[in-house]
Amino acid sequence: AMAGTPQYMAPEQINGEPADHRADLFSLGSVLYAMCAGRPPFEGENTMAILRCICDGKARPLKEIDAAIPNELVEIVEVLHAKNPADRFQTAADVAGLLHHHLENLSQ
């Protein structure tokens, strides 16, 4: 049985593969995307279509939805949405550090 909200699940969870903290980082990318875009990154007509989109598709680029979204945030979300967990940030601390750094730069 799968546990989680389908629109925010990581590909490895959907595929029944071992999942670790990097699955949560994928989900964080989906939450950040939804905050920026006003909609989830992966959509479909039904749950199976959403799950297939997560595993095989790509989210619409955030810059197409809102060109004002900072490039740094777009890049963070894209790395968080890497299909392969090894290609994502490896810790939440890494993500937090980058977000903090970029926030400081924006406020200057």
Side-chain angles (χ1 to χ4, degrees):
M2 286 191 288
T5 304
Q7 291 176 320
Y8 297 91
M9 292 178 78
E12 60 270 25
Q13 289 175 290
I14 295 166
N15 291 323
E17 299 167 359
D20 59 20
H21 63 281
R22 295 171 297 181
D24 293 331
L25 294 175
F26 185 93
S27 298
L28 173 62
S30 295
V31 170
L32 291 173
Y33 184 103
M35 290 173 63
C36 293
R39 65 176 189 82
F42 305 102
E43 297 181 301
E45 294 179 14
N46 56 50
T47 300
M48 290 308 295
I50 293 167
L51 298 177
R52 200 170 21 253
C53 185
I54 291 169
C55 291
D56 302 327
K58 292 191 101 174
R60 182 176 171 201
L62 280 171
K63 284 291 192 177
E64 285 182 12
I65 297 169
D66 185 349
I69 298 170
N71 291 332
E72 297 84 0
L73 182 55
V74 170
E75 290 171 9
I76 289 170
V77 171
E78 288 174 354
V79 173
L80 288 167
H81 273 166
K83 303 296 184 190
N84 182 345
D87 295 333
R88 294 180 203 139
F89 294 103
Q90 297 302 294
T91 70
D94 293 341
V95 179
L98 272 176
L99 288 171
H100 179 74
H101 172 76
H102 293 313
L103 185 59
E104 282 183 340
N105 288 344
L106 285 174
S107 63
Q108 291 179 359

> Answer yes or no: is there a side-chain heavy-atom contact under 4.5 Å between Glu72 and Asn105?
no
> Where do Ile65 and Ala37 come nearest, in terms of heavy atoms and distance?
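It is CD1-CB, 3.7 Å.
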> If we ignore angles and hydrogens, is there a donor and acceptor under 3.5 Å between the side chains of Asp94 and Thr91?
yes
> Could you tell me whether a side-chain N or O of Gln13 sits under 3.5 Å from a main-chain N or O of Ala10, the two making a donor and an acceptor?
yes
> Might you confirm whether atom NZ of Lys58 has over 12 heavy atoms from other residues, nucleotides or ligands at distances under 6.0 Å?
no
> Any donor-acceptor pair under 3.5 Å linking the side chain of Arg88 with the backbone of Ala82?
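Yes.
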> Are Ile14 and Met48 connected in the hydrophobic side-chain network, where two residues link if heavy atoms are under 4.5 Å apart?
yes
> Measure across Ala49 and Gly44 and return the closest heavy-atom pair with its distance rounded to 0.1 Å.
CB-CA, 4.0 Å
> Between atom NE2 of His21 and atom CG of Asp24, what is the distance when rounded to the nearest 0.5 Å?
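One gets 9.0 Å once the value is rounded to the nearest 0.5 Å.
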> Decide yes or no on side chain to side chain contact (heavy atoms under 4.5 Å, CB included) for Cys55 and Asn15, but give the supporting numbers first.
CA-CA 8 Å; Cys55 291; Asn15 291 323; 3.8 Å; yes
> CG of Asn46 to CD1 of Ile50: how many Å apart, nearest 0.5 Å?
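Spacing of CG (Asn46) from CD1 (Ile50) equals 7.0 Å.
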> Ignoring hydrogens and angles, tell me if any N or O in the side chain of Gln90 forms a donor-acceptor pair with the backbone of Pro85 under 3.5 Å.
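Yes; judged by distance alone, with no hydrogens or angles, the pair exists.
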> Donor-acceptor pair, Ser27 side chain versus Met9 backbone, under 3.5 Å?
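A pair under 3.5 Å: no.
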> Any side-chain heavy atom of Lys63 sitting closer than 4.5 Å to one from Asn71?
yes
> Inspect the contact between Glu17 and Lys83 and indicate whether a charged nitrogen and a carboxylate oxygen are less than 4.0 angstrom apart.
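No, no charged N to carboxylate O under 4.0 Å.
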> Can you check whether Leu80 reaches Phe26 side chain to side chain, under 4.5 Å on heavy atoms?
no
> Are His81 and Phe42 an aromatic pair by the rule of ring centers under 6.0 Å?
yes
> Could you tell me the separation between the CG atom of Leu32 and the CG atom of Leu25, rounded to the nearest 0.5 Å?
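Rounded to the nearest 0.5 Å, the CG-CG separation comes to 10.5 Å.
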> Just checking Glu45: does its CD atom have more than 12 heavy atoms from other residues, nucleotides or ligands closer to it than 6.0 angstrom?
no
> Please report the interatomic distance CG(Leu62) to CD1(Ile76), rounded to the nearest 0.5 Å.
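Separation between the atoms: 11.5 Å.
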> Do Leu106 and Pro70 come within less than 4.5 Å of each other through their side chains, counting heavy atoms only?
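Touching, per the 4.5 Å side-chain cut-off.
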> Return the OG1 to CD distance between Thr47 and Gln7, rounded to the nearest 0.5 Å.
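Thr47 atom OG1 to Gln7 atom CD measures 8.5 Å (nearest 0.5 Å).
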> Are Tyr8 and Ile54 close enough, and set up right, to give a side chain to side chain contact (heavy atoms under 4.5 Å, CB included), and what steps lead you there?
CA-CA 9 Å; Tyr8 297 91; Ile54 291 169; over 6 Å; no
> Heavy atoms, side chains only, cut-off 4.5 Å: are Leu99 and Leu73 in contact?
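Touching, per the 4.5 Å side-chain cut-off.
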> Are Val79 and Glu75 close enough, and set up right, to give a side chain to side chain contact (heavy atoms under 4.5 Å, CB included), and what steps lead you there?
CA-CA 6 Å; Val79 173; Glu75 290 171 9; 5.6 Å; no
> Please report the C-alpha distance between Tyr33 and Arg39 in whole Å, then the side-chain angles of each, then the deciding distance to 0.1 Å, and finally whether the side chain to side chain contact (heavy atoms under 4.5 Å, CB included) criterion is met.
CA-CA 8 Å; Tyr33 184 103; Arg39 65 176 189 82; 3.6 Å; yes
